[in-house]
Amino acid sequence: MSDNITASASSERPTWWRHGVVYQLYVRSYTDANGDGIGDLGGVAARLDHIATLGVDGVWLNPCYPSPNRDGGYDVADYTVIDERYGGMPAFEALRDAAHARGLKLLMDLVPNHCSTEHDWFRRAVAAGPGADERGRFIFRDGRGAGGSQPPNNWRSTFGGPAWTRLTGPDGEPEQWYLHSFDAGQPDFDWSNPEVADMFDDVLRTWFDRGVDGFRIDVAYAMVKHPDLPDLDDPAGENPYSWNQPGVHDIFRRWRALADAYERELALVGEVWLPPAEAADYIRPGELHQVFNFDLLQQEFDARAFRASITDCLDALKHVEGVPAWTLNSHDVHRAVTRYGLTDPEPPATADLNALRTRARGVVDVQLGTERAKAALLLMLALPGTAYLYQGEELGLPEVQDLPDEARRDPIWERSGHTEHGRDGSRVPLPWRADAPDFGFSLGPDHPEHAQHTEAEPPWLPQPAWFADYSADRQESDPRSVLAFYRRALRERRNLDPDAPLAWLEIQRDDAIAFRRGDYVCVTVFDGPPIDALPQWGPAVISSGTAGDTRTTTWYCTAPAE
Ligand code: GLC
Ligand code: CA
């Protein structure tokens with residue numbers, strides 16, 4: 001009897017945020033409902049079935065708040081509403097209801113490290129002048145040197161150039177400097193000011209009360225700065241005074257308590273670009289539910305590198321309560337097909353290690369990149385924890401490396417003095433229909449919202465002609481398409497026991513890895529001769545390869561463990 005009770009209790013799927021798959025929506029580039037060339041929430045709602053039929057558990061919307069868009073909406077002018085360009089609050093409510101009706105969770109993007117220079121608080125801080133209380137919500141300092149003409153310290157912006165910008169007073173005279181870890185349009189908040197924490201409590205509650213199921217938290221390890229703002233020994237290196245300060249964990253304990261006060265299951269997932277051991281600190285009991293694992297995404301397509309990275313991450317989980325959020329693609333990195341298919345890299349244009357690993361440019365073997373990206377996806381989906389997909393990867397899209405320079409919008413391009421191309425190439429509007437104008441990105445004149453625009457504007461980033469080959473409609477009915485593969489892979493993942501631990505299988509190969517999770521065995525060959533499944537692994541149930549013509553595959557076998 002007691003065995004039966006245990007069995008039925010453990011066969012219940014655990015809470016969704018421990019195992020779910022989330023689809024990242026870069027709203028500006030998904031679908032444009034009203035024909036102004038910019039994707040919007042009406043467009044997402046119109047094509048929600050594409051996401052639902054993929055078989056994911058939820059979506060995460062990149063920021064869609066009012067913003068001057070100096071950094072793709074990560075410069076927020078108002079945290080409490082949806083920008084009219086994305087359809088405003090009515091479009092949000094319609095999308096929320098449509099998502100929930102399909103059983104999809106809805107995560108928003110929270111940007112707590114900085115706002116926009118057009119946020120009301122920052123405008124007031126500028127107007128109030130040096131020394132005013134309003135300035136205490138941001139990090140204003142006098143400059144150094146004669147007349148304060150030098151920045152207060154030697155920190156660099158993540159996007160290039162100094163992390164400080166000097167204001168000009170109403171009299172035309174230069175006055176104080178403000179800190180911005182990113183673009184000059186993104187002033188950093190001073191989180192030692194309790195007003196900042198209170199404001200964000202209100203923001204969280206506002207959206208939770210409106211029914212969102214959680215937040216992805218932007219640069220979640222950056223909010224707390226060393227109080228002395230010391231100079232860096234090496235300004236080009238990491239900034240230990242602004243990243244991963246211990247005090248940042250207090251913020252997450254506060255937000256976790258706030259989220260736990262709701263009856264529904266909410267999830268907080270942190271964007272933390274730190275090695276696995278340090279990233280794991282963000283999901284200790286009472287802190288975030290999930291933390292992104294970016295370490296795997298930064299690895300070369302190599303068996304030893306993948307195994308070491310996965311092992312590091314799983315080892316780091318021993319004292320945590322939360323789970324890793326695995327990902328191989330996002331709006332900040334080159335698409336996996338391109339990363340894994342890069343055969344002849346250009347000389348590096350930056351010393352930034354992360355940019356080198358995730359945004360190297362050069363000649364790409366798309367077929368090789370595609371095989372590797374499919375194998376990596378299937379491997380990722382077999383790992384314990386949650387997984388995040390980025391729109392367009394299910395179409396097998398490569399990075400658009402050849403955007404015309406004048407079309408580039410990423411502030412990295414300007415701030416690096418046109419040496420680093422930045423992230424626009426993963427943000428190009430999606431191809432839906434091979435033969436339609438804009439590849440169907442704009443829904444066309446028949447759509448009810450389209451009446452506002454008599455002629456459709458071109459997409460905000462130009463789509464290359466070769467996007468036709470990747471369009472969703474061409475893949476829809478082709479069982480060999482990447483899209484069909486993604487659907488099969490996500491369906492198969494549902495059979496994996498989310499609680500089953502990972503146990504490596506020693507297969508004596510440097511170019512392959514294998515592990516068991518519950519009933520499943522997952523095998524990946526990283527460009528090498530095939531491996532025969534052992535009889536005790538059971539029959540193969542899914543493979544990323546096309547039989548016989550590939551040296552790179554991941555496949556699952558399934559048989560009850562002995
Ligand atoms: C995060 C976002 C990125 C943005 C930056 C500044 O890394 O993912 O797109 O530019 O934060 O907000
Ligand atoms: Ca639009």
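For ligands, and for the atoms within them, numbers begin at 1 and follow the listed sequence.
The 4.0 Å heavy-atom shell around ligand 1 contains residues D71, Y74, H114, F159, F182, Q186, R216, D218, V219, E271, H331, D332, R423, R427, ordered by chain and number.
Within the protein, the number of N, O or S atoms lying under 3.0 Å from the Ca ion (ligand 2) is 5.
Using a 4.5 Å heavy-atom cutoff, the side chains of E476 and L483 are in contact. For the pair N34/D32, a side-chain contact is recorded, criterion being any heavy-atom separation below 4.5 Å from C-beta on. Residues M380 and L389 are in side-chain contact: their nearest non-hydrogen atoms beyond the backbone lie under 4.5 Å apart. Within the 4.5 Å cutoff, the side chain of V219 has heavy atoms near those of the H114 side chain.
Between R335 and E393, none of the side-chain N atoms (NZ, or NE/NH1/NH2) sits under 4.0 Å from a carboxylate O, so this pair counts as no salt bridge. The residues D183 and R70 are annotated as salt-bridged, a charged nitrogen and a carboxylate oxygen being separated by less than 4.0 angstrom.
The salt bridge (Lys or Arg N to Asp or Glu O under 4.0 Å) check on R135 picks up E175, with sequence neighbours excluded.
Within the structure, every pair that satisfies the ring pair (Phe, Tyr, Trp, His ring centres under 6.0 Å) test and touches residues 390-413, not counting sequence neighbours, is listed here: W413-H418, W413-H421.
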Criterion ring pair (Phe, Tyr, Trp, His ring centres under 6.0 Å) on F200 and Y79, from CA distance to verdict: CA-CA 9 Å; F200 275 97; Y79 290 91; 5.0 Å; yes
